[in-house]
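Everything numeric in this text was worked out from a predicted model, so none of it was measured. Chain identifiers are assigned alphabetically (A, B, ...) following the order of the sequence lines, protein sequences preceding nucleic acid strands; residue numbering begins at 1 within each chain.
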Amino acid sequence: MARYNAKTTEAKWQAAWKAARTFEAVEDPDKPKYYVLEMFPYPSGRIHMGHVRNYAMGDVVARYKRARGFNVLHPMGWDAFGLPAENAALEKQIHPAKWTYENIANMRSQLQAMGLSLDWSREFATCDVEYYRHQQKLFLDLLDSDMAYRRESWVNWDPAEQTVLANEQVIDGRGWRSGEPVERRQLWQWFFRITAFEDELLDALGDLERWPDKVRLMQANWIGRSEGARLRFAVKHQDLEIEVFTTRPDTIFGASFLALSPDHPETAALAADNPEIAAFVTECRRQGTSEEAVEKAEKLGFDTGLRARHPFSDDVELPVYIANFVLIGYGTGAIFGCPAHDQRDLDFARKYGLAVQPVVVPKGTEASEFAVGTEAYTGPGLLANSEFLDGMSMEDAMGEVARRAEEGNFGTQEVMYRLRDWGVSRQRYWGCPIPVVHCDDCGVVPVHEADLPITLPDDVTFDRPGNPLDRHPTWGATDCPVCGKSARRETDTFDTFVDSSWYFARFCSPHADRPLDKAAVDYWLPVDQYIGGVEHAILHLLYARFYTRAIQKCGHLAVSEPFAGLFTQGMVCHETYRDDDGNWLEPTEVSRNDTGQLVRMDNSAAVTTGRSEKMSKSRKNVIDPEDIIERYGADTARWFMLSDSPPERDLEWTDGGIEGAWRFTGRIWRIIEEAAVELPPPGLAMPDHFGDRALALRRITHQAIAAVTDGIERFQFNVSVARLYEIANALGSLEAEDQSGKDAAGEGWARREAIESLVVMIGPMMPHLAEEAWQALGRSGLLADAPWPTVDASLLVEDIVTIAVQLNGKIRATLEIERDQAEGDVRDAALALDKVKAAVADKTVRRVIVVPNRIVNVVI
RNA sequence: GCCCCCUUGGCGGAAUUGGCAGACGCACGGGACUUAAAAUCCCGAGACUUAACAGUCGUCCCGGUUCGAGUCCGGGAGGGGGCACCA
């Protein structure tokens, strides 16, 4: 009996699939299509366990759907532009293109070693000119239909590196690499008009039934629709009005101040003649641009000296502050503060000694007895201290304030969104060039379509700060497409989220000479099942939803929602290790010494174990999939990824877990080898009769088929795995029993049925082992082309059911009875049980609840 | 700060969605095979009480709804994630 050799077997079947072009998809109008897609990877150089988990799941779906008769599209490519390539260029003096394509080559072979059912003929990288030339064409179309535009916007600017920093690259107000204080700067940037679709993007979430509720909620919150009012406040002794947006117009009589954003135009005007204000604004701009930084920062304000008139009572005047917590990007960039009913406003009011007047009091509380201390009251209640609003509900008061404001022409009811337009400009080299030209006479002009692609220059250096495209000696020089005079190319490149906003569509026709081939796209889209990390729940998925609508308007495709089904998988985690000097250590760098203590392998220094966290290079708690595949094979790695942990939750990597998976592959192989010699040949007609043992096995088999199928359909692969263990256990114990006379009772046939079902069902999870087993069982053709087993529903139900019998809700006995008995009979049988009779004794039975085939509850 | 998620044996988790809590796996203990080990196979196991039969408790905590709650409702604790230039 040959031991199963994962390495040679896996290579053998990978070659067989490739030779047969098994996974190359062709449009076929006669078959139902199914498009499975996992979020394509960034080519960092090596695959990590997160990829293995993601692609193992996708492959289960893809292979399962194939077996169910679908025409499956399952492509793979590379999200290949982005910062890491430039960082590598900076640190390792290697060109981003070279680095990226070398990484792709390496990762491709790693993915191929996983034995995924991918159509490699459709592979592309977003940094391929053949991809981004079409992206440039799409951009020209967006520009044409006014869905792209330019405006000034704020960025984090690192003066030392001469570059824009991401929020995560700003640490305590300083650049992550330079350590220099970061400035906030305004820059002219390109934007996509995602806000034109905000209502549609929000409303359509309701139709995305196969998306997790969690993700839909996150997107809804992100879009952040809120109803409120826009109110204008006149400033006393000035020819000036300040417009605010509020979601709580009902609290207008509780207003005690107005606050302007430091970036508000009026603030700038004030700062121009007041150095103190200018200094305050500069101070505010030290804090980061992220919402988190703004919200967490200590509330700071500067009294401008301006006083605004309360719109409903002339004798009330409101001081106008500039406050660091007012965002310019939301609403009007100015607010009225009602400290009693908003925590931020309250913190601010306490700090600057402003009035705190409650105007909403809980029902049943006297207004005179209701006071606000250190916590704002944001709960429900009735209006008080509010003149004509007194006694109204909050809802009525909001309507009344808006009505009166409209009447008095100083405000309107309004719906506001948190969503902002999508800034797509990046001042970087390694991205898709934005195909426009800056002409002194004609302004910003799109490049002629015939002049596409605008390719990146190869001869760039990263030895100096700033964008290499800006300082390239010749690349930027061109002629204006309109007037022909010399002009300059746009040096901004696209955000990589643009690349990933249509790649799924390009996969339908990856070699088309237009961005999308309509026939192919109409056949394959939408993606039926999209799988990836929850970290993309908002941005990538929202941008892709928007972009699909935007290019739909330009006539490139027919669908408006790109992903009909979405699954977000959990992360892969591992314990973390640090030595006493605080250095992170890789799992391979630590071991247990004689006393069982964790120590560094090189110098025996003590190591402390930290909590399990997402595998990451920075914490060094990574297990390299290549090592695992080398040692155990891809099937074992895939099996472990699918076992135990529910796919949406985090998976804890353990040595024990992978060992267990490895043992199981060996066990399957032993079952197959032992069975192969004694089973009847494949394809025999089903016998007319089965003995008890054969019938019992068939029941197990068909119950397992039903459960495994259900598990895959519901994305509970861990449950499917458990059921596969059960059928393997059943076959194992059958092995041990006496087998004489089995053929007469149809046992051989039932055993073949069980084993073949097991093999077909592990196929999506451990495809190489399954192919090898299929062959060993005497089957011809590829298992990858074999149909999924069908369930005989009559074998799912047992004739005798065990019913739990409760007394006052506590289980006291069980009852074996034929299934589907009349309720009265079940009730009588339960009451006739000794235990029940003893408990009831002379008491009266008040009630008996019978749940068919499940439970009887006797209430006494 | 705001928003979201999670919490079941020593561990990962299951529970047909309100009906026998702990399937399946890991780790552990005992046994078989072996000269021995590895591998493999078999058996055991939530906690507490008991010699045993058996009983009590038990799904983060407190309360509620219900004949019946891991599951529904209210309140609380702990852990984690996201917050617009990482991808």
Side-chain angles (χ1 to χ4, degrees), chain A residues 3 39-42 44 79 81-84 87 155-156 163-170 189 214-215 217-218 221-222 224 289-297 299 325 329 343-344 347 418-420 422-428 495-497 499-500 533-540 542-543 571 611 613-614 640 643-646 648-652 654-661 663-664 666-667 670 706-707 710 716 718-726 729 732-733 735-736 802-811 813-814 846-849 851 853-860:
Chain A
R3 198 184 162 89
M39 291 179 183
F40 67 163
Y42 179 81
S44 57
D79 188 13
F81 275 134
L83 263 186
N87 290 336
V155 296
N156 299 310
T163 187
V164 177
L165 297 181
N167 285 328
E168 73 153 17
Q169 294 169 333
V170 180
Q189 308 226 71
K214 180 174 72 173
V215 174
L217 184 64
M218 284 165 85
N221 289 340
W222 190 258
T289 54
S290 77
E291 201 168 292
E292 183 190 10
V294 172
E295 293 279 336
K296 272 189 174 165
K299 310 283 172 282
F325 61 89
Q343 191 61 44
R344 278 179 319 188
D347 294 345
R418 206 183 76 101
L419 183 69
R420 310 200 293 258
W422 172 16
V424 295
S425 280
R426 296 294 180 268
Q427 293 68 40
R428 302 260 151 67
D495 176 8
T496 56
F497 276 126
D499 311 341
S500 56
V534 72
E535 65 273 20
H536 294 291
I538 298 172
L539 290 185
H540 162 57
L542 193 62
Y543 289 155
M571 301 180 296
R611 69 179 178 81
E613 292 185 69
K614 177 186 179 176
F640 175 51
S643 312
D644 293 350
S645 296
E648 71 279 7
R649 281 215 224 154
D650 289 351
L651 178 145
E652 171 74 13
T654 59
D655 293 343
I658 190 73
E659 289 283 341
R663 276 202 298 272
F664 185 67
R667 195 153 130 235
R670 274 192 301 282
D710 186 56
Q716 291 189 303
N718 55 322
V719 179
S720 293
V721 164
R723 299 298 163 246
L724 289 168
Y725 270 111
E726 276 175 354
N729 289 346
S733 43
E735 216 69 51
T802 308
I803 292 178
V805 180
Q806 298 181 328
L807 284 163
N808 289 338
K810 298 209 172 203
I811 310 261
T814 56
R846 292 199 295 172
R847 204 171 155 192
V848 180
I849 288 125
V851 181
N853 301 323
R854 286 192 167 277
I855 210 161
V856 177
N857 190 8
V858 180
V859 186
I860 50 178

Practice task
Whole angstrom is fine here: how far is it from CD in Q343(A) over to C1' in C3(B)?
Solution key: 17 Å
Practice task
For nucleotides G10(B) and G46(B), find the distance between their P atoms and express it as a whole number of Å.
Solution key: 11 Å
Fill in the blank from the handout: Expected label for U17(B) (glycosidic angle, syn inside 90° of 0, else anti) would be syn
Practice task
For nucleotides G70(B) and G58(B), find the distance between their C1' atoms and express it as a whole number of Å.
Solution key: 11 Å
Practice task
Give a yes/no answer on whether the side chain of R418(A) brings an N or O atom under 4.0 Å of OP1 or OP2 in C83(B).
Solution key: no
Completion exercise
When rounded to whole Å, the CH2 to P distance for the pair W222(A) and A84(B) reads 6 Å
Exercise for the section: Mind telling me if G9(B) is syn or anti? Syn here is a glycosidic angle within 90° of 0. Expected result: syn
Practice task
With heavy atoms under 4.0 Å as the rule, sort Q427(A) into base, sugar-phosphate or nothing.
Solution key: base
Problem - T654(A) side-chain N/O to G657(A) backbone N/O, donor-acceptor pair under 3.5 Å - result: yes
Practice task
Between A45(B) and G29(B), how far apart are the C1' atoms? Round to whole Å, please.
Solution key: 8 Å
Exercise for the section: Report yes if at least one side-chain N or O of R667(A) is closer than 4.0 Å to OP1 or OP2 of C41(B); otherwise report no. Expected result: yes
Handout entry: Short side-chain N/O contact to U16(B) OP1/OP2 from N853(A), under 4.0 Å
Key = no
Practice task
With heavy atoms under 4.0 Å as the rule, sort L724(A) into base, sugar-phosphate or nothing.
Solution key: nothing
Fill in the blank from the handout: Nearest-nucleotide check on RNA chain B, N718(A) vs V164(A); residue mapping nearer the 5' end is N718(A)
Exercise for the section: Would you state whether a donor and an acceptor, one from the side chain of Q806(A) and one from the base of G19(B), lie under 3.5 Å apart? Expected result: yes
Completion exercise
note: M218(A), atom CE; C5(B), atom C1'; distance rounded to Å ~ 9 Å
Exercise for the section: Respond yes when some side-chain nitrogen or oxygen of K614(A) is under 4.0 Å from OP1 or OP2 of G82(B), and no when none is. Expected result: no
Practice task
Tell whether N857(A) reaches the base of C67(B) with its side chain through a donor-acceptor pair below 3.5 angstrom.
Solution key: yes
Problem - Earlier contact from the 5' end, RNA chain B, for T814(A) and E652(A) - result: E652(A)
Exercise for the section: Please list, chain by chain and in numerical order, all residues satisfying ring-ring contact (aromatic ring centres under 6.0 Å, His included) with H540(A), sequence neighbours excluded. Expected result: Y530(A), H536(A)
Fill in the blank from the handout: Every stem of 3 or more Watson-Crick or G-U pairs under 3.5 Å that RNA chain B joins, in order of first number, is B:1-7 with B:77-83, B:10-12 with B:24-26, B:28-32 with B:40-44, B:46-49 with B:54-57, B:60-64 with B:72-76
Practice task
Scan I811(A) against the nucleic acid and name what it touches under 4.0 Å (heavy atoms): base, sugar-phosphate only, or nothing.
Solution key: sugar-phosphate
Handout entry: R649(A) (side chain) and U7(B) (base): donor-acceptor pair under 3.5 Å
Key = no
Problem - Separation of the P atoms in A47(B) and C42(B), to the nearest angstrom - result: 24 Å
Exercise for the section: Sticking with atom P, work out how far G1(B) lies from G9(B), rounded to a whole angstrom. Expected result: 30 Å
Problem - Euclidean distance for C1', G79(B) against G74(B) (whole angstrom) - result: 22 Å
